Colleague: 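Handing you a structure now.
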Amino acid sequence: MPKPLFPVLKLPNVVIDQLVKHWDMENVIDATMRSDKFFCEVEKFKIVIKSLTWLVGETLVGIDLDLGSCIVQIRFVKMGETTGVKKVDGVYVYSTKGPRIPNANKEDHILWTFNVDHNKLEDKLVRAEQVTKHLLKILKPEEFHFQCGLNNATILPDLFIWSHRKGFSTILVKRSDRRSTTMSPEALIFLMEELKADRDLKIRMNAFQYYKPIQAKTLTLEDMSWVTTICLMGPQLVKARSVGRSTAHIDFNEIITNWVNGGSPNLERLVLDTSSLGLDAAVVYKDLKMEPSIFTKCDMTRRLCDFTEDCQDVRRLSDGRIATLHSIVDRKLEMTVWHKKHLMFLSPATYYKLKSTHGGYFPKK
């Protein structure tokens with residue numbers, strides 16, 4: 001039997017507030033599931049935590065809470081033995097909370113398991129929604145994340161999560177076995193247009209291409225079968241990395257030309273794996289006005305970029321900003337854009353050379 005709570009609820013509200021701030025947060029969350037009165041008191045001011053992550057996979061359904069001092073991993077499974085009863089969203093549920101496990105290099109971990117009637121995805125999602133409703137009434141996460149490991153993500157638009165949140169810091173859609181997730185056109189359109197987040201995707205589509213810019217600051221694509229040229233030309237895009245062959249032809253020259261003409265103003269880096277495409281750099285760079293790069297290997301290394309002796313610079317027409325292009329035959333094409341904030345990475349020689357030849361980076365006196 002769990003130890004009874006000391007008579008905290010007999011204390012004034014101000015004292016409860018201070019107590020919660022100094023109590024381990026996992027114990028506060030636990031207490032809100034054991035006492036309706038304590039739940040109501042905590043609900044009045046809500047506890048700020050670093051992040052909440054929903055996880056939905058073939059066998060694993062869970063919620064990860066980053067409390068700062070530790071990670072609480074909530075999981076939903078059919079348990080053989082049940083030890084404690086908790087109340088979540090008006091329902092009494094058996095659960096078991098494990099001990100805090102220290103980790104020298106990362107946050108401590110706590111595994112908290114909630115019982116489900118059957119080990120079916122539907123049952124786990126129902127229980128996850130009940131716990132979600134309880135948590136969001138007492139917690140205020142600074143960030144939200146979503147990770148999908150389903151083999152077939154056709155059910156994605158129907159998940160309960162979207163009734164609580166549609167804006168995320170990151171969305172990860174990737175199976176644990178390294179294969180691509182199968183998704184219906186409707187699910188992909190929902191993911192692209194209804195949800196806001198940086199995306200890390202490994203999705204396979206059958207005979208379907210997406211013809212709109214992907215709205216994300218950071219984009220990682222590990223299956224290009226559904227990707228078209230315009231997908232990589234979004235106005236919000238800052239960093240993008242893509243791997244694999246597209247069913248539709250990807251015109252990399254058009255992507256670069258779009259940037260030269262003022263498109264994708266926030267772009268900092270674009271890395272395209274060309275190992276399966278057999279691209280000729282001469283075709284990619286066709287009709288681009290280029291000149292040998294003024295940036296050195298040292299400058300590129302400081303930005304964690306590769307360097308080849310044949311790097312070329314292109315300049316944007318609107319403000320004179322520079323992008324360095326380089327390709328490694330049968331490996332990749334890389335575009336590195338130099339914004340004013342990146343001047344700190346330059347060697348003194350490059351800095352003064354840039355200042356004397358590309359005044360657009362420096363305010364006029």
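Remember, predicted model here, so these are calculated numbers, not experimental data.
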Colleague: Please determine whether side-chain hydrogen bond (donor to acceptor under 3.5 Å, both in side chains) holds for the pair Arg241 and Thr220, giving the CA-CA distance in whole Å, both sets of side-chain angles, and the decisive distance to 0.1 Å.
Modeller: CA-CA 5 Å; Arg241 178 180 177 271; Thr220 303; 5.9 Å; no
Colleague: What about Leu55 and Leu111, same hydrophobic cluster or not, with Ile/Leu/Val/Met/Phe/Trp/Tyr joined at side-chain heavy-atom distances under 4.5 Å?
Modeller: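 No, separate clusters.
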Colleague: A cation-pi test, strictly: NZ or CZ of Arg303 under 6.0 Å from the centre of the six-membered ring of Trp338 and no more than 45 degrees from its axis. Yes or no?
Modeller: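 Positive - Arg303 is close enough to the ring of Trp338 and near enough to its axis.
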Colleague: Please determine which of Asp30, Ile47, Val48 meets the side chain to side chain contact (heavy atoms under 4.5 Å, CB included) test together with Met25.
Modeller: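 Exactly one candidate clears the test, Ile47.
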Colleague: Should the pair Phe146 and Trp162 be assigned to parallel (<30°), tilted (30 to 60°) or perpendicular (>60°) ring geometry?
Modeller: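 Ring orientation of Phe146 relative to Trp162: perpendicular.
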Colleague: Hey, quick one: are Ile230 and Leu237 part of the same hydrophobic cluster, counting side-chain heavy atoms closer than 4.5 Å, chains of contacts allowed?
Modeller: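 As far as the 4.5 Å side-chain criterion goes, Leu237 and Ile230 are not connected within one cluster.
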Colleague: Which atom pair, heavy atoms only, marks the closest approach of Phe144 to Gly167?
Modeller: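 The answer is CB-O, 4.1 Å.
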Colleague: Hey, are the side chains of Met33 and Lys97 touching, using non-hydrogen atoms and a 4.5 Å cut-off?
Modeller: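 No, too far: nothing below the 4.5 Å cut-off.
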Colleague: Between Thr229 and Asn258, is any pair of side-chain heavy atoms under 4.5 Å apart?
Modeller: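 No. Closest side-chain heavy atoms not under 4.5 Å.
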Colleague: Find out whether Leu188 and Pro185 are in side-chain contact, i.e. whether some heavy atom of one side chain is under 4.5 Å from a heavy atom of the other.
Modeller: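 With C-beta onward as the side chain, the pair stays apart.
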Colleague: Do the non-hydrogen side-chain atoms of Arg321 and Trp259 ever get within less than 4.5 Å of each other?
Modeller: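 The answer is yes; the side chains approach within 4.5 Å.
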Colleague: Please give me the minimum heavy-atom distance between Val61 and Phe76, naming the atom from each residue.
Modeller: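 Smallest interatomic distance, heavy atoms only, reads O-CD1, 3.2 Å.
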